[in-house]
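Below is one structure, written out as structure tokens; the observations come after it.
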Amino acid sequence: PHFIIELPEKNDALCFNINDKPGTIFTLIKDTKSGVVVNGQTIGDKKIPPDGKINTYFWRFGITHKTLRVKLEVSTSDINVFQDSKWMTMYWSNSISLKGTNMDLHVTKDRSLTVTLKDSVKFVILLHKVWAKHPYHQDYLGFYTVDSHLLSPAVHGLLGQFYHGVEYEVSELRPGEVPEKPDATMYVKGHELNVTRGWQRDFRQDIKNGENVPCWFVHSNGTGLIDGDASDYVVSSLF
Amino acid sequence: ANEAQVEVLSVTVDCTVTSRFAHTVMTSVALNKANVSQEIFFKVELPKTAFITNFSMEIEGQVYVGEVKEKEKAKKQYEKAVSSGQTAGLVKASGRKMESFSVSVNIAAKSNVTFILTYEELLQRKLGQYEILTRVQPKSLVQDFKIMTNIYEPQGIAFLDAHATFLTNDLLPLVDKTVTDKKAHISFSPTVEQQRKCPGCDGTLIDGDFVIKYDVNRGERFGDIQIVNGYFVHFFAPPGLPRVPKNIVFVTDNSWSMSGRKLQQSKDALVHILSDLHEEDYFAVIKFDHIVLPWRDSLSKATKENVEEGKTFVRKHHPVGGTDINLGVLRGVDMLVKDRQENRLPERSVDMVILLTDGMPVSGETNTKKIQENVQSAIGGKMSLFSLGFGNDVDYSFLDVMSKQNKGIARRIFEASDAALQLQGFYDEIASPLLSEVELRYPDNAVDSLTKNHFNHLFNGSEIVVAGRLTDNDLDNFLVEVLGQGFEEDYKAEGQASTLDQEVPYPNEEYIFGDFTERLWAYLTIQQLLDKSKSGDPAEKVNATAKALEMSLQYNFVTPLTSMVVTKPETEETGPLIADKLTEEERQQAERNRYQHVPPVFSSYQHTYHAPPTQYVDGD
């Protein structure tokens with residue numbers, strides 16, 4: 001999966017990929033103060049593609065809000081909501097709007113789920129539908145936080161650690177391997193990293209093609225940019 | 001003129017157009033009413049596409065005639081005049097379409113002076129019409145004021161419209177317009193009273209542009225050929241051709257220098273242009289600063305949905321970073337090449353890249369020569385590159401050469417409130433290709449000294465013009481052939497050209513100007529040689545320059561290679577005046593100086609950001 005961190009104060013964005021074996025569960029958000037946790041499990045291609053590159057994507061998210069006593073399990077096939085001590089299942093094939101005391105949900109048929117958790121976070125999960133008979137690829141999900149400012153300064157996770165910004169500087173722009181993607185040196189969190197200017201896609205407006213977002217790409221699973229390394233974010237279960 | 005001490009006795013603009021070739025004579029007679037000698041100024045404006053061919057002053061029975069000389073020689077010969085700065089200012093840029101010619105001379109008390117300026121140009125057909133633009137600013141009331149235009153078009157006049165920016169309801173009926181099948185006469189001749197701004201006051205209403213627009217009838221598939229006095233001209237713009245679908249990549253500058261109004265205007269224009277795409281066209285949008293940001297990785301069919309999404313992409317994003325023209329254009333070219341290779345584009349369609357930039361390359365490859373080489377090598381003759389240079393910070397000649405090297409053209413976009421319209425206007429001119437790889441063939445043994453006869457495209461509303469010399473002066477007719485690639489099928493047309501007998505279309509008409517076809521041929525040849533002198537290989541450049549100079553001297557045209565030396569009565573003391581033809585670069589430089597514009601410099605990545613942040617994770 002590719003991660004994008006938009007940084008409005010710098011009018012810039014950072015990006016990195018996290019790759020591990022399919023089935024790994026990562027913590028994306030963990031805010032112990034508000035009790036919000038978002039974990040995601042990856043999936044691989046149906047078989048190894050001819051280029052030998054193993055691609056992984058998120059296919060299942062587990063979302064918990066301890067204080068609000070809410071849980072969601074969102075996968076490429078269905079959406080399960082735990083609220084008021086009971087589970088309810090919804091399907092991507094219907095457009096649904098639910099307004100609750102602590103949580104609002106809105107499903108746009110076969111496309112997206114918008115979740116607003118009271119006084120904490122708002123996010124969108126996109127469903128990428130792939131042709132069922134595709135020899136390699138299968139359905140996967142995207143996770144976009146659109147409002148996270150109410151989360152505590154202690155929020156962490158692969159995405160969460162960036163919700164309150166990150167200090168960095170980029171200099172020494174130089175030609176990269178590909179002419180249209182120059183390299184540069186980034187000073188961040190006490191590290192000096194070789195980064196590459198490129199872009200990643202935001203699929204919210206155009207689910208099929210996406211929209212390119214220019215960003216500084218941090219190589220090797222975001223090493224140096226994320227706190228610790230990717231394995232520090234691996235957990236054993238969605239909840 | 002010096003207030004009431006000078007009386008302008010007459011101002012006459014006499015324009016004759018024969019088969020699009022316009023010959024204009026501006027005559028002004030002034031009287032120094034004072035009891036002492038004084039300086040009288042003659043200042044007129046002419047289209048920048050025109051070449052001055054003659055200038056004379058008549059003072060006390062003595063005629064002083066301007067002489068066209070080789071520019072460098074003229075400068076050496078009159079070094080004294082050059083060093084005292086007297087060459088400056090005889091011809092100056094004036095707005096987008098015009099340049100001004102001005103001269104002053106000392107006139108004895110109670111004496112007359114007559115100024116006569118002649119210039120010629122080949123009218124270009126744009127968006128289905130020719131335009132004759134005359135700028136008139138007599139500054140004071142004129143005893144005898146006259147604008148007269150006679151148009152002779154053997155193909156027949158399809159429509160004609162005449163208007164002026166200064167025409168009030170009272171002056172409107174004074175525009176006399178007579179159009180018959182092959183001839184039009186337009187005149188405007190207000191009396192002194194009619195010129196007055198208000199009864200009894202000295203101010204004149206006459207100040208602005210007098211514009212005539214017209215088109216001719218189209219009939220033959222092979223076009224229309226006229227043979228006069230051993231020269232021929234072939235006009236080709238057949239009616240009823242279906243447009244060829246196009247695959248167009250818009251490469252737009254998103255760097256800092258575009259911030260503010262320029263970026264907004266570019267966005268507005270591009271959004272409008274995208275709306276005008278035909279559904280069978282394919283398009284892509286690539287923004288560049290110091291990196292490139294493609295909307296999508298390949299071209300998309302111009303369906304309603306895709307166009308809307310393309311527009312959303314255009315509207316978004318704020319300017320950042322420096323200008324890497326090399327990277328932006330190469331990405332656009334690469335996208336078209338790749339889509340072609342993968343058969344994603346219709347076989348019979350035209351590939352084009354439109355580059356919009358406002359600045360010099362300051363990021364990535366900054367050597368403009370190297371960029372030209374890279375682009376030419378990447379394009380390899382497979383598509384056309386059109387460039388739009390926005391504002392005064394752009395190196396227009398760099399874009400001009402790069403476009404001409406790649407089957408395209410460049411256009412300057414002037415920073416003003418109508419910039420979005422200028423951008424759309426340029427696009428409209430090239431939006432509808434009708435034919436590609438057009439070749440006009442003539443019998444080898446019958447013609448020589450042909451102007452360019454192979455054209456990459458014929459666009460809707462434009463016209464292809466080829467002229468040449470007949471090797472046999474007695475030849476009365478010859479066969480022509482036109483070949484091209486059209487939509488669905490190849491285009492082929494043949495026809496026979498015959499000598500034009502002026503007596504048939506214009507009986508009882510005193511002949512207009514007999515050598516117009518030859519001069520049209522010379523004008524066209526010089527223009528094309530001047531182009532070649534900028535964008536050909538080194539040997540070609542030298543040859544083209546020498547030939548253009550030779551012809552400019554032979555036909556008395558003031559071109560960028562020649563100067564008109566005007567000898568004044570007081571030459572002994574002050575030296576002669578020299579009129580030069582401005583190049584587009586000189587015009588641009590003049591504007592830069594006028595606005596004292598400081599080009600923005602890319603120095604940092606930071607600027608104000610308006611969109612809310614998003615942190616997300618997704619697939620590729």
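Worth saying up front: this structure is predicted, and the values here are computed from it rather than measured. To find a chain, count down the sequence lines: A is the first, B the second, and so on, and within it residues start at 1.
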> Given Glu309(B) and Arg296(B), is the salt bridge (charged side-chain N to carboxylate O under 4.0 Å, His left out) satisfied, shown in steps?
Replying inline: CA-CA 10 Å; Glu309(B) 287 172 17; Arg296(B) 290 178 181 171; 2.3 Å; yes
> Quick one: does Asp227(A)'s side chain get under 4.5 Å of Lys189(A)'s, heavy atoms only?
Replying inline: yes
> So, Tyr233(A) versus His156(A), ring centres under 6.0 angstrom or not?
Replying inline: yes
> Is it the backbone or the side chain of Asp147(A) that comes under 4.5 Å from a heavy atom of chain B, or both, or neither?
Replying inline: neither
>> Is Leu28(A) in contact with chain B via its backbone, its side chain, both, or neither, using a 4.5 Å heavy-atom distance?
In response: side chain
> Among Phe58(A), Tyr144(A), Phe143(A), who wins on heavy-atom pairs under 4.5 Å with chain B?
Replying inline: Tyr144(A)
> For Leu14(A), is it the side chain, the backbone, both or neither that has a heavy atom under 4.5 Å from a heavy atom of chain B?
Replying inline: neither
>> Less than 4.5 Å to any heavy atom of chain B: does that hold for the side chain of Arg204(A), its backbone, both, or neither?
In response: side chain
> Do Thr312(B) side-chain atoms and Glu308(B) backbone N/O form a donor-acceptor pair below 3.5 Å?
Replying inline: yes
> Please walk me through it: do Asp12(A) and Tyr168(A) pass side chain to side chain donor-acceptor pair (under 3.5 Å)?
Replying inline: CA-CA 11 Å; Asp12(A) 208 348; Tyr168(A) 71 94; 3.2 Å; yes
>> Using heavy-atom distances under 4.5 Å, tell me whether Asp297(B) contacts chain A through its side chain, its backbone, both, or neither.
In response: side chain
